[in-house]
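What follows is a set of notes on a single structure, which appears directly below.
Per chain, numbering begins at 1; letters A, B, ... match sequence-line order.
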Number of protein chains: 2
Amino acid sequence: MQAVARRLGLTTMALYRHVADKADLLDGLVELLLTQFPLPPPDLPWQERLAQLAHGVRDAAARHPGVFPLLLQRPAETEPARRVRDTAQAALGDAGLDPEAAARAERLLSTAVLGFAASEAAGRFAHHDHAVRDADFACLMRSLRLLLEVTAADRDTGS
Amino acid sequence: MQAVARRLGLTTMALYRHVADKADLLDGLVELLLTQFPLPPPDLPWQERLAQLAHGVRDAAARHPGVFPLLLQRPAETEPARRVRDTAQAALGDAGLDPEAAARAERLLSTAVLGFAASEAAGRFAHHDHAVRDADFACLMRSLRLLLEVTAADRDTGS
DNA sequence: ACCTGAACACCGTTCAAGT
DNA sequence: ACCTGAACACCGTTCAAGT
């Protein structure tokens with residue numbers, strides 16, 4: 001709070017005009033974070049859209065490692081959070097999942113991607129090169145795509 | 001610090017005899033957390049071992065929601081952390097992955113499971129029933145097993 | 001409407017001093 | 001060796017008071 005106020009050239013107490021408390025300020029920060037990467041246009045293939053979303057999330061984590069871990073901590077029911085989630089769910093729907101399955105897949109996929117990005121931001125993989133982490137991320141992306149394609153194929157053949 | 005000291009019936013300053021600082025105390029807590037679930041015996045099938053590990057992690061998160069999120073934040077190079085990781089890597093080796101691939105798969109799988117458990121502990125899925133979260137977790141487990149089996153099959157047929 | 005001063009109840013940490 | 005008292009530099013937050 002004091003650091004933020006100093007940066008704005010105000011006293012600490014002036015902040016409480018614009019923000020209810022510290023948690024409210026942090027909520028505002030994660031909301032801002034979710035607008036820091038582009039949402040893929042809906043006419044791209046669904047694989048492409050999910051990949052762009054995941055890369056955007058990872059980039060945002062790299063640019064804002066301090067705030068990012070908060071994303072995994074709160075329900076994120078703000079407008080920008082909803083926009084990101086709807087984009088992912090739409091892509092999963094186009095992958096052939098029914099709405100309920102798409103919602104579940106979105107929760108699981110976002111957890112995997114957010115978890116990876118948060119781990120990286122917090123330095124959990126700090127003893128690995130950036131090249132290793134890039135390969136890890138690529139492997140994660142490949143695995144998730146494979147999984148969705150296998151699931152879709154199972155559905156198509158009715159097995 | 002003060003709360004811990006009060007619970008021990010000591011003054012706050014007495015803690016600094018046994019612990020370097022607050023971060024050190026928290027490191028000790030996550031170390032303890034990693035001993036709170038059983039490591040599966042190595043004679044079980046690898047699918048079984050990974051499943052037991054994942055369930056153990058989720059239970060630990062449910063029992064200690066306050067400390068758990070810290071697991072995703074630090075490198076975890078302590079002895080208990082290594083034991084858990086080695087158990088997972090051994091199972092992945094038995095699934096047919098070479099050592100490098102097993103290490104990578106361990107990083108990705110642990111991130112997915114830890115991310116899910118941390119999300120649950122922190123209340124990110126608080127607006128969903130426990131039944132929904134159980135189904136989510138079951139879906140995650142099924143997906144990860146499927147993924148490993150597909151990968152193993154690909155390797156066996158040399159494609 | 002927006003900002004400030006003064007104050008409150010808390011933090012983690014250090015260090016000289018005690019037994 | 002282990003613990004304590006006193007002190008320091010910090011937190012977030014409130015509220016009456018200023019413009």
With a 4.0 Å cut-off, would you call B:E31 and B:R74 a salt bridge?
no

Hey, are A:E48 and A:R145 close enough for a salt bridge, meaning a charged N less than 4.0 Å from a carboxylate O?
no

Side-chain contact test, heavy atoms from C-beta onward, threshold under 4.5 Å: evaluate it for A:D21 versus A:L25 and give yes or no.
no

Angle between ring planes, B:F137 versus B:F116, binned at 30° and 60°: parallel, tilted or perpendicular?
tilted

In the structure shown, which nucleotide is the Watson-Crick or G-U wobble counterpart of C:dG12, with both distances under 3.5 Å?
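Pair assignment: C:dG12 / D:dC8.
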
Does any nucleotide pair with D:dG18 by Watson-Crick or G-U wobble geometry, both distances under 3.5 Å, and what is it?
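By the stated definition (distances under 3.5 Å), C:dC2 pairs with D:dG18.
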
Nearest whole Å is fine: how far is [N] [atom2] from [X] [atom1]?
X: B:M13; N: C:dG18; atom1: CE; atom2: P; answer: 15 Å
X: A:L10; N: C:dA1; atom1: CG; atom2: P; answer: 19 Å
X: A:Y16; N: C:dC8; atom1: OH; atom2: C1'; answer: 13 Å
X: A:Q2; N: D:dT14; atom1: CD; atom2: P; answer: 14 Å
X: B:K22; N: D:dC11; atom1: NZ; atom2: P; answer: 13 Å
X: B:L15; N: C:dG12; atom1: CG; atom2: P; answer: 10 Å
X: B:H18; N: D:dT4; atom1: NE2; atom2: P; answer: 11 Å
X: A:L25; N: D:dC11; atom1: CG; atom2: P; answer: 14 Å

Given C:dT13, D:dT13, D:dG5, identify the nucleotide with an atom nearest to the side chain of B:D21.
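Output: C:dT13.
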
Toward the 5' end of DNA chain D, which comes first, A:M1 or A:R17, by nearest nucleotide?
A:M1

